[in-house]
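Okay, structure first, notes after.
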Amino acid sequence: MTRTNGLGREDVARCWAGFASLGAGLVHLAVVQEHLDEWWVYGGFFAVLGVAQILWAVAALALDEPPLLRTVAFGNLAVVALWAVTRTVGLPVGPDTWTPEAAGRADVLTSVLELAVAATCWSQHGSPPLRRPALVRSGSSWP
């Protein structure tokens, strides 16, 4: 059966990762003020993280091959790990050291989105493109 829409697996994966990163970035930007009220470092972290996730999402959705797949995968995993630490033992720095926070729906959803980005980036990084190789003519005969 012939595809009519022209989208391959890589395109679908790229779009899923892009929209997941966009969602996570928007949630992070939505809570910047709340975290600024706690400590300026927290607010700054969420602002930078949100902007970075949105910029990568735009690149992933606009380009045929998203940039920095391995870096984005590890970065998202690091953010999820940091979130797990803040919910289990708390951070060793800041106004409330070693005080765990309660997990909310928005941060659980954001962590799931970040895990989806990481898994998709990792799977795309390790796999060769599924596009058909171009036929190359050598001399007067086809290979």
Side-chain angles (χ1 to χ4, degrees), residues 1-94 96-138 141-143:
M1 178 173 250
T2 304
R3 284 187 313 203
T4 58
N5 63 6
L7 292 177
R9 275 191 256 174
E10 294 88 9
D11 296 319
V12 173
R14 178 177 50 79
C15 288
W16 276 106
F19 284 118
S21 187
L22 179 64
L26 290 173
V27 171
H28 284 135
L29 287 183
V31 297
V32 167
Q33 187 60 53
E34 174 185 332
H35 287 89
L36 275 172
D37 293 343
E38 290 180 72
W39 190 31
W40 70 270
V41 174
Y42 293 163
F45 174 78
F46 276 85
V48 169
L49 179 61
V51 168
Q53 288 174 319
I54 290 170
L55 288 176
W56 186 85
V58 169
L61 293 168
L63 303 173
D64 288 338
E65 293 184 28
L68 308 167
L69 291 174
R70 184 181 287 182
T71 303
V72 170
F74 282 127
N76 276 276
L77 291 174
V79 171
V80 172
L82 178 62
W83 173 80
V85 167
T86 65
R87 298 310 184 260
T88 55
V89 295
L91 292 175
V93 296
D96 297 319
T97 58
W98 301 117
T99 304
E101 297 181 40
R105 276 185 247 173
D107 41 300
V108 171
L109 170 65
T110 304
S111 292
V112 169
L113 291 172
E114 289 162 341
L115 288 171
V117 172
T120 306
C121 286
W122 191 258
S123 71
Q124 292 302 300
H125 172 73
S127 64
L130 297 176
R131 296 180 190 100
R132 273 184 270 169
L135 293 175
V136 178
R137 189 173 180 167
S138 62
S141 63
W142 290 96

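For the numbers below, each heavy atom of this structure counts, side chains included, while hydrogens, waters and symmetry mates do not. Note that the coordinates shown come from a computational prediction; the quantities given were computed from them, not determined experimentally.
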Can you confirm whether Trp122 sits close enough to Arg70 that some side-chain heavy atom of one is under 4.5 Å from a side-chain heavy atom of the other?
yes

Does Arg14 reach the main-chain N or O of Leu61 with its side chain, forming a donor-acceptor pair under 3.5 Å?
yes

List the steps, then state whether side chain to side chain contact (heavy atoms under 4.5 Å, CB included) holds for Trp83 with Asp107.
CA-CA 8 Å; Trp83 173 80; Asp107 41 300; 2.8 Å; yes

Hey, is CH2 on Trp39 packed in by over 12 heavy atoms from elsewhere, all under 6.0 Å?
yes

Evaluate the ring planes of His35 and Phe46, with Trp represented by its six-membered ring, and classify them as parallel (under 30°), tilted (30 to 60°) or perpendicular (over 60°).
parallel

How far apart are the C-alpha atoms of Tyr42 and Leu36, what are their side-chain angles, what is the distance that settles it, and do they pass the side chain to side chain contact (heavy atoms under 4.5 Å, CB included) test?
CA-CA 6 Å; Tyr42 293 163; Leu36 275 172; over 6 Å; no

Residues Leu91, Leu82; criterion side chain to side chain contact (heavy atoms under 4.5 Å, CB included); working and verdict
CA-CA 9 Å; Leu91 292 175; Leu82 178 62; 3.6 Å; yes

Please give me the minimum heavy-atom distance between Ala57 and Leu22, naming the atom from each residue.
CB-N, 3.5 Å

Go through the steps to decide whether Ile54 and Leu29 satisfy the test side chain to side chain contact (heavy atoms under 4.5 Å, CB included), and finish with yes or no.
CA-CA 10 Å; Ile54 290 170; Leu29 287 183; 3.4 Å; yes

Side chains of residues 112-121: which donor-acceptor partners sit under 3.5 Å, not counting sequence neighbours?
unit_1, atom_1, unit_2, atom_2, d
Glu114, OE2, Gln53, NE2, 3.0
Thr120, OG1, Ala116, O, 2.7

Would you name the heavy atoms of Pro66 and Trp56 that are closest together and state the gap between them?
CB-CZ2, 3.6 Å

Atom pair CD (Glu10) and SG (Cys15), whose distance is rounded to the nearest 0.5 Å:
11.5 Å

